[in-house]
Amino acid sequence: MLTADHLAIRESVRAFVKAEVEPIAHKLDNEGAEIPKELVQKMAELGYFGLIFSPDYGGSGLDALSMTVVTEELSRAWLSVGSVMTRMLITGTLIEANGTEEQKRTWLPRLCSGEVLAAAAFTEPEAGSDAAAVRTRAEKNGDKYLVTGEKAWCTFANRAHVLCTLVRTDPSQPKHKGLSILLVPKPADGFAPPRLSGDPIPTIGYKGMNSYNVAFDGYEVPADNLLGLQEGKGFYQLMATYEYARIQTAARAVGVAQAALDAAIAYAKEREQFGKPIAQFQAIRHKLAKAQTEIEAARQLTYYACRMKDSGKRCDLEAGMAKAFAAEMAEHVTSECLQVFGGYGYSREYPAQRYWRDARVFRIFEGTSEIQYEVIARRILDDRGE
Ligand SMILES: Cc1cc2nc3c(=O)[nH]c(=O)nc-3n(C[C@H](O)[C@H](O)[C@H](O)COP(=O)(O)OP(=O)(O)OC[C@H]3O[C@@H](n4cnc5c(N)ncnc54)[C@H](O)[C@@H]3O)c2cc1C
């Protein structure tokens, strides 16, 4: 159950997206355009980037459920709008949990206020699900690290001021043991060639933000930007942030699916065939009813993971289940909702195709479905403590 506070937050986000996002999302998506900078700035001013962080560091100190409610409503308007905050969430969570006091004071207030925008550079061309296979090398040279290597799929890299980057600081250590997280500053507009360059990857959906292949060639980073000032901890630091990230991704999937259903319901009431609205045909009515049921199941599973997180309990199982279930639900529901539109569902004139294209990514990023089920299987089969 949402409290009165959660409901008030939901209403305020709904008012924001109605005024600022809904009027532009469809057009910008069709043009393949990026989210306007002013919109990102407004989200920052509304505190969306600092929701869960401590007020001591500029955050609002809210619970995971509040973050989920905000995410769902933003994503319902446009997936990329609900996804900008993901980058500050991941980077801020890593810093709040693992940073030195000075790093927390340096980075968190600016991440919360939007003065510093972040992107996550973990994946590499040869290291996706197997994050411990990361090769990008950060070599200590006096008070600097020199970073060399390639990252893939770094979303929002062009607009970020800092790349939260998983690097190999000790190549002599096996796989996950030699990794660290480095906060890599960069120009806010574009890259810094030839030492740091980026190429956008053309995608079928998730417009509004571009994902980049990023190449480092001896790019200098202050040694003070090593998270926690400790080498060799990066892999473990990253794994510990996955709970929040997966909960937030489940909420994004619920938001996109709900948007698809809202549009399908409106269309089904208005579109007439055989002399009556198609909403009167049982096949369509049941499709819509089933979609609502599946969305609500995913939403409640996400809320459940939030409650576990908010009570301070380990929730990788619950977050993994919510993410995996919501991702598959969103793919199925958006496809069924597109079907309600018939031929018009396949047209760029209607947003049904946007929800469907956007929903396809949920099974892939923030840990693929196959990896989520492996996490879940490990917990239920191997870690029962019996
Ligand atoms: C639009 C988009 C945005 C992204 N944004 C970011 C970002 O901002 N930052 C970032 O760091 N990354 C980002 N990613 C990368 C994303 O996290 C990876 O794509 C994902 O982790 C999968 O890695 P991969 O693509 O290399 O696939 P692979 O790991 O090569 O997997 C290929 C297939 O094999 C399966 N598989 C792999 N290992 C196993 C296993 N052990 N058991 C069973 N099946 C397995 C996978 O599930 C998948 O089906 C983004 C990806 C996309 C598509």
Side-chain angles (χ1 to χ4, degrees), residues 29 32 34-35 75 78-94 117-136 147 149-168 175-176 179-184 186 198-216 234-235 237-239 241-242 244-246 248-250 252-253 256 320 323-324 327-328 330-331 354 356-378 381-382:
D29 179 85
E34 291 190 315
I35 300 171
S75 306
W78 195 9
L79 172 59
S80 47
V81 168
S83 303
V84 178
M85 64 190 271
T86 315
R87 276 121 266 286
M88 274 55 85
L89 178 78
I90 292 172
T91 307
T93 309
L94 277 163
L117 299 172
F122 308 136
T123 305
E124 295 187 358
E126 306 301 328
S129 302
D130 186 8
V134 155
R135 289 190 205 158
T136 295
V147 183
E150 279 178 55
K151 290 288 171 185
W153 292 108
C154 186
T155 306
F156 206 55
N158 57 328
R159 303 262 290 266
H161 303 81
V162 62
L163 304 181
C164 182
T165 309
L166 187 62
V167 291
R168 186 161 296 281
K175 288 201 86 173
H176 48 280
L179 298 177
S180 306
I181 288 181
L182 208 50
L183 301 167
V184 178
K186 63 171 275 297
D199 280 314
I201 304 172
T203 57
I204 58 168
Y206 198 32
K207 307 290 181 190
M209 289 199 295
N210 288 314
S211 300
Y212 283 78
N213 285 320
V214 177
F216 300 86
F235 184 79
Q237 293 166 339
L238 190 58
M239 293 300 127
T241 67
Y242 278 165
Y244 266 130
R246 287 176 179 169
Q248 204 258 349
T249 302
R252 287 190 275 170
V256 170
K323 196 272 178 184
E328 287 173 15
E331 183 183 1
R354 162 160 68 95
W356 179 61
R357 284 185 289 107
D358 282 353
R360 188 59 186 84
V361 79
F362 294 122
R363 284 176 57 204
I364 300 172
F365 65 15
E366 293 300 343
T368 63
S369 287
E370 291 76 14
I371 295 297
Q372 303 304 324
Y373 287 124
E374 195 42 44
V375 170
I376 295 164
R378 254 198 312 260
L381 292 166
D382 309 333

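Just so we're clear, the structure is a prediction, and the values are computed from it rather than from any experiment. Whatever order the structure lists ligands and atoms in, that order sets their numbers, starting from 1.
Distance check on atom 51 (C) of ligand 1: some protein heavy atom falls below the 4.0 Å cut-off. In this structure, atom 4 (C) of ligand 1 is in close contact with the protein, since a protein heavy atom lies within 4.0 Å of it. For atom 44 (N) of ligand 1, a protein heavy-atom neighbour is present inside the 4.0 Å cut-off. Atom 47 (O) of ligand 1 is flagged as protein-proximal [any protein heavy atom, distance under 4.0 Å]. Remark: atom 33 (C) of ligand 1 lies closer than 4.0 Å to no protein heavy atom. Less than 4.0 angstrom separates atom 38 (N) of ligand 1 from at least one non-hydrogen atom of the protein. Shown here, atom 23 (O) of ligand 1 is in close reach of the protein: a heavy atom of it lies under 4.0 Å off.
In this structure, the protein non-hydrogen atom closest to atom 20 (C) of ligand 1 is Ile364 O, 3.6 Å. Protein heavy atom nearest atom 49 (O) of ligand 1, with residue, atom name and distance: Glu370 OE1, 3.5 Å. In terms of protein heavy atoms, atom 42 (N) of ligand 1 is closest to Ile371 CD1, 4.5 Å. Looking only at heavy atoms of the protein, atom 26 (O) of ligand 1 is closest to Gly128 CA, 3.2 Å. Among all non-hydrogen protein atoms, the one lying nearest atom 8 (O) of ligand 1 is Thr155 N, 3.1 Å.
With respect to the salt-bridge test (charged N to carboxylate O, under 4.0 angstrom), the residues Asp358 and Arg252 do not qualify. By the 4.0 Å N-to-carboxylate-O rule, Arg363 lies close enough to Glu331 to be salt-bridged with it. Using a 4.0 Å cut-off between charged side-chain N and carboxylate O, Glu124 and Arg135 make no salt bridge.
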(request) Tell me, with the steps shown, if Tyr244 and Ile90 meet side chain to side chain contact (heavy atoms under 4.5 Å, CB included). (result) CA-CA 8 Å; Tyr244 266 130; Ile90 292 172; over 6 Å; no
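With Thr123 contributing its side chain and Gly128 its backbone, the two residues share no donor-acceptor pair below 3.5 Å. A donor-acceptor pair is defined here as one N or O able to donate and one able to accept, closer than 3.5 Å; such a pair exists between the side chain of Lys323 and the backbone of Phe362. Listed for the Arg246 side chain is no donor-acceptor partner under 3.5 Å among the backbone atoms of Gly320. A distance-only check finds a donor-acceptor pair linking the side chain of His161 to the backbone of Leu117 [under 3.5 Å]. With hydrogens and angles disregarded, no donor-acceptor distance shorter than 3.5 Å links the side chain of Lys151 to the backbone of Thr136.
Looking at Arg87 against ligand 1, only its side chain comes within 4.0 Å, counting heavy atoms. Only the side chain of Val361 comes within 4.0 Å of ligand 1, counting heavy atoms alone; its backbone N, CA, C and O stay farther away. In Trp153, the parts holding a heavy atom less than 4.0 Å from any atom of ligand 1 are both the side chain and the backbone. Contacts between Thr123 and ligand 1 below 4.0 angstrom, taking non-hydrogen atoms only, involve backbone and side chain alike.
Close contacts of ligand 1 with Thr368, meaning ligand atoms under 4.0 Å from a residue heavy atom, involve 22 (C), 46 (C), 47 (O).
The closest side-chain donor-acceptor pair between Asn210 and Glu34 falls under 3.5 angstrom.
For atom 28 (P) of ligand 1, the candidate residues are Ala120, Ser129, Ala127; the nearest heavy-atom contact is made by Ser129.
An N or O contact shorter than 3.5 Å is missing between Ser211 and ligand 1 by distance.
Partners of Tyr212 by ring-ring contact (aromatic ring centres under 6.0 Å, His included), not counting sequence neighbours, listed by chain and number: Phe191. For Tyr206, the ring-ring contact (aromatic ring centres under 6.0 Å, His included) partners are Phe365, not counting sequence neighbours.
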